[in-house]
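See structure below.
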Amino acid sequence: VSTTMILTPGPVIDFLIVNQNVREPRYVDWVKAKRMLKNLRVKTKHNNMEFKIIGLSEKPCNQQYFPMKLKNRDGANVEAQIVEVTVYEYFTKHCGIQLGYSAYLPCLDVGKPKRPNYLPLELCSLISLQRYKKALSSMQRASLVEKSRQKPQERIKTVTEAVRSYCYDEDPLLSSCGISIEKQMTQVDGRILETPKLKVGNSEDCIPRNGRWNFNNKTLLNPTSISKWAIVNFSARCDISHISRELINCGRRKGINIERPHTLIEEDQQSRRGSPLARVERMFELIREKLPGPPEFILCVLAERKNSDIYGPWKKISLSDFGIVTQCISPTKINDQYLTNVLLKINSKLGGINSLLEIEHSSHIPLIMDTPTMILGMDVSHGPPGRSDMPSVAAVVGSRCWPLISRYRASVRTQSPKVEMIDALYKPLANGNDDGIIRELLVDFFQTSKGHKPKQIIVFRDGVSESQFNQVLNIELEQIIKAYQHLGEVDIPKFTVIVAQKNHHTKLFQAGGGTENVPPGTVVDTKIVHPRNYDFYMCAHAGMIGTSRPAHYHVLLDEIGFSPDDLLNLVHSLSYVYQRSTTAISIVAPICYAHLAAAQMGQFMKFEDFSETSSGQRSMTSVGSTPVPELPRYSADRNVIHLDKP
């Protein structure tokens, strides 16, 4: 079942006011409006014709001129005179149409790139049944998920009824080819893997139940301490001194020693009216005034939960310019569960460990405990639909502190828009050095693993389709090998390369009409898998709402030589090591961290894209014909910790 967004038909200005959540047309952001309206179809009131929008006029309707031919009234064979008139003047004087509010707003351009054709906004209405293919806001995305969500039994009913009603058996082409579609779902054998045990503080065992666990009456395995920190509040309506007290108390219960904050900073009234960048810069001025030196941590309280304009500039400046660990919150209610979840993120960002797998704690991971093994997670994040000018962000995380498999460091680069293959894994410079991602991660592995070099590398690659599997092996794997050789190594490590896919349409249901989703740890590796290739479906998480979508793993290469059971258990275990959560996640943690790192950098790109002022020139690299801005480098434990100043 696929779901899409359809535009609400009606006046264009109403569509813009609702989608931008403004009260009047004069408050519309026309840069956003131009992107939103491009390629949509409208019908005009005055002549009932349909047009496709290609852009907006540069000036308002009453100031936008265009050349108009004047007809000769006497019929003489004289060349027509061309005069410059405004769009407003043309419609009011020459067409006899009275215009109201749209006289002061931009016009819709429905012509060709070199031959514009301007229409006043109030004469245009969006036609019905148009798919909206551009990026959705966080509220729209949440609404789409809510409306399309179905419980397993509803999903089964919808799909089976659809197959029956489509009458595939009567299709002459299918029947002439001897193809028939089964009307019932395929019965397959699955198995449920044993849930991995975890170790928390005081070497206590923690046994997840139904893919979930908690830290009630437990402490973190390796808690940090926070002595020099501050809280800043960007005009959120809450008592930050109360948040401070509750966070300190909750930290004490979890084993984290948090001193009283050095200072609490409220945004001043005057700053609220400034741009997001100006507000953040002003806040850092206040931090410098009130603190004797850089803090080790800042808690940032935001007014909006999901789509705060402050978040991008705040993270960019705090991480890249100052190298300070920060945690943003937007609390609706403060309780132990909420604060524990916040502390899990803070502790892992500051280098602590919340929990480890029991087999990891006791160094009993098959094929990994005896041989230095590095785990890589790779992902590429692309700009939103319709933004072919925004560079893609490639993120790779590498494990550190072997024989642990729960600790990761991220490295991020930009590359040409919409390019899926990562081109900066190995990047030789003119001076003979390698400025690639893999060198950075290999050096970090060596430094944190007591001087051991990886003899085995397990690569988890997200987001590539079947047609690109060969490119992963021929391009990306080849770059990893070159980066390893560049460090002066002769013996190449053994590789296992696994592609993980979540964007597919296969769903697993319990046999016998069970109303719940399949239990966490469910694996299917027969009947519905590829006839020749090595692949399997795994549902590691507990689907609490809607119908679970299993992860589809494809093993492209296995030089290490895992047995099927060992590989399944390793993949399953890697769904339990995500430090920011107390649930098993739907895809392995290295891929989750890579996705997180790419998304974080995407926020920087978005912020730089929309900020009107910039404190300095960004360095650019050119790939093909597209200039790509270079990003500041991560120097992070795990996901979103420090970035070095560029």
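For the numbers below, each heavy atom of this structure counts, side chains included, while hydrogens, waters and symmetry mates do not.
Judged by distance alone, with hydrogens and angles left aside, the side-chain atoms of Glu246 form no donor-acceptor pair with the main-chain N or O of Asn335 at under 3.5 Å. Side-chain atoms of Ser102 do not come within 3.5 Å of backbone N or O of Leu105 as any donor-acceptor pair. Side-chain atoms of Thr4 never come within 3.5 Å of backbone atoms of Arg131 as a donor-acceptor pair (strictly under, hydrogens ignored). For Ser57 (side chain) and Cys107 (main-chain N/O), a donor-acceptor pair under 3.5 Å exists by modelled atom type. Listed for the Ser244 side chain is no donor-acceptor partner under 3.5 Å among the backbone atoms of Ile240. A donor-acceptor pair is defined here as one N or O able to donate and one able to accept, closer than 3.5 Å; no such pair exists between the side chain of Asp379 and the backbone of Ala395. Between the side chain of Lys38 and the backbone N or O of Ala33 there is no donor-acceptor pair closer than 3.5 Å.
Contact check for Asp14 versus Val12: no side-chain heavy atoms found under the 4.5 Å cut-off. Between Gln337 and Asn341, some side-chain heavy-atom pair lies under the 4.5 Å cut-off. When side chains are defined from C-beta on, Tyr104 does not count as touching Cys61, because their heavy atoms never get closer than 4.5 Å.
Going from atom CD1 of Ile298 over to atom CE of Met283 covers 9.5 Å, rounded to the nearest 0.5 Å. In this structure, CD1 on Ile346 lies 11.0 Å from CZ on Arg580, to the nearest 0.5 angstrom. The CG atom of Leu40 sits 6.0 Å away from the CZ atom of Phe15 when rounded to the nearest 0.5 Å. Taking CZ of Arg141 as the start and CE of Met5 as the end, the distance is 10.0 Å to the nearest 0.5 Å. Atom CZ of Arg549 and atom CG of Asn503 lie 6.0 Å apart (nearest 0.5 Å).
Applying the side-chain contact (heavy atoms from CB on, under 4.5 Å) criterion to Thr8, with sequence neighbours excluded, gives no partner residue.
For Tyr101, the OH atom sits in a packed shell: over 12 heavy atoms of surrounding residues, nucleotides or ligands are nearer than 6.0 Å. With a 6.0 Å radius and a threshold of 12 heavy atoms from other residues, nucleotides or ligands, Glu58 has its CD atom at or below the threshold. A 6.0 Å sphere centred on CG of Leu129 holds no more than 12 heavy atoms belonging to other residues, nucleotides or ligands.
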(request) For Ser411 and Arg413, run side chain to side chain donor-acceptor pair (under 3.5 Å): C-alpha distance rounded to whole Å, both residues' side-chain angles, the deciding distance at 0.1 Å, then the answer. (result) CA-CA 7 Å; Ser411 184; Arg413 302 284 194 280; 3.1 Å; yes

(request) Show your reasoning for whether side-chain contact (heavy atoms from CB on, under 4.5 Å) applies to Lys316 and Asp321. (result) CA-CA 7 Å; Lys316 166 74 170 64; Asp321 295 357; 3.9 Å; yes

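A donor-acceptor pair shorter than 3.5 Å cannot be found between the side chains of Thr86 and Gln63. A donor-acceptor contact closer than 3.5 angstrom is absent between the side chains of Asp462 and Gln501. No hydrogens or angles considered: a donor-acceptor pair under 3.5 Å links the side chains of Ser586 and Lys502. Counting only N and O atoms by type, the side chains of Lys151 and Thr547 include no donor and acceptor under 3.5 Å apart. At a cut-off of 3.5 Å, with distance as the only test, a side-chain donor of Lys349 or Gln327 sits close to an acceptor on the other residue.
A side-chain hydrogen bond (donor to acceptor under 3.5 Å, both in side chains) with Ser392 holds for exactly one of His382, Gln415, Lys418; it is His382. Partner Ser235 forms a side-chain hydrogen bond (donor to acceptor under 3.5 Å, both in side chains) with one of Gln269, Glu267, Glu266 and no other, that one being Glu267. Exactly one residue among Arg461, Gln471, Gln468 makes a side-chain hydrogen bond (donor to acceptor under 3.5 Å, both in side chains) with Glu420. That residue is Arg461.
Applying the ring-ring contact (aromatic ring centres under 6.0 Å, His included) test to every pair with at least one member in residues 20-48, sequence neighbours left out, gives these pairs: His46-Phe91.
You'll find the ring centres of Phe66 and Tyr90 inside the 6.0 Å limit.
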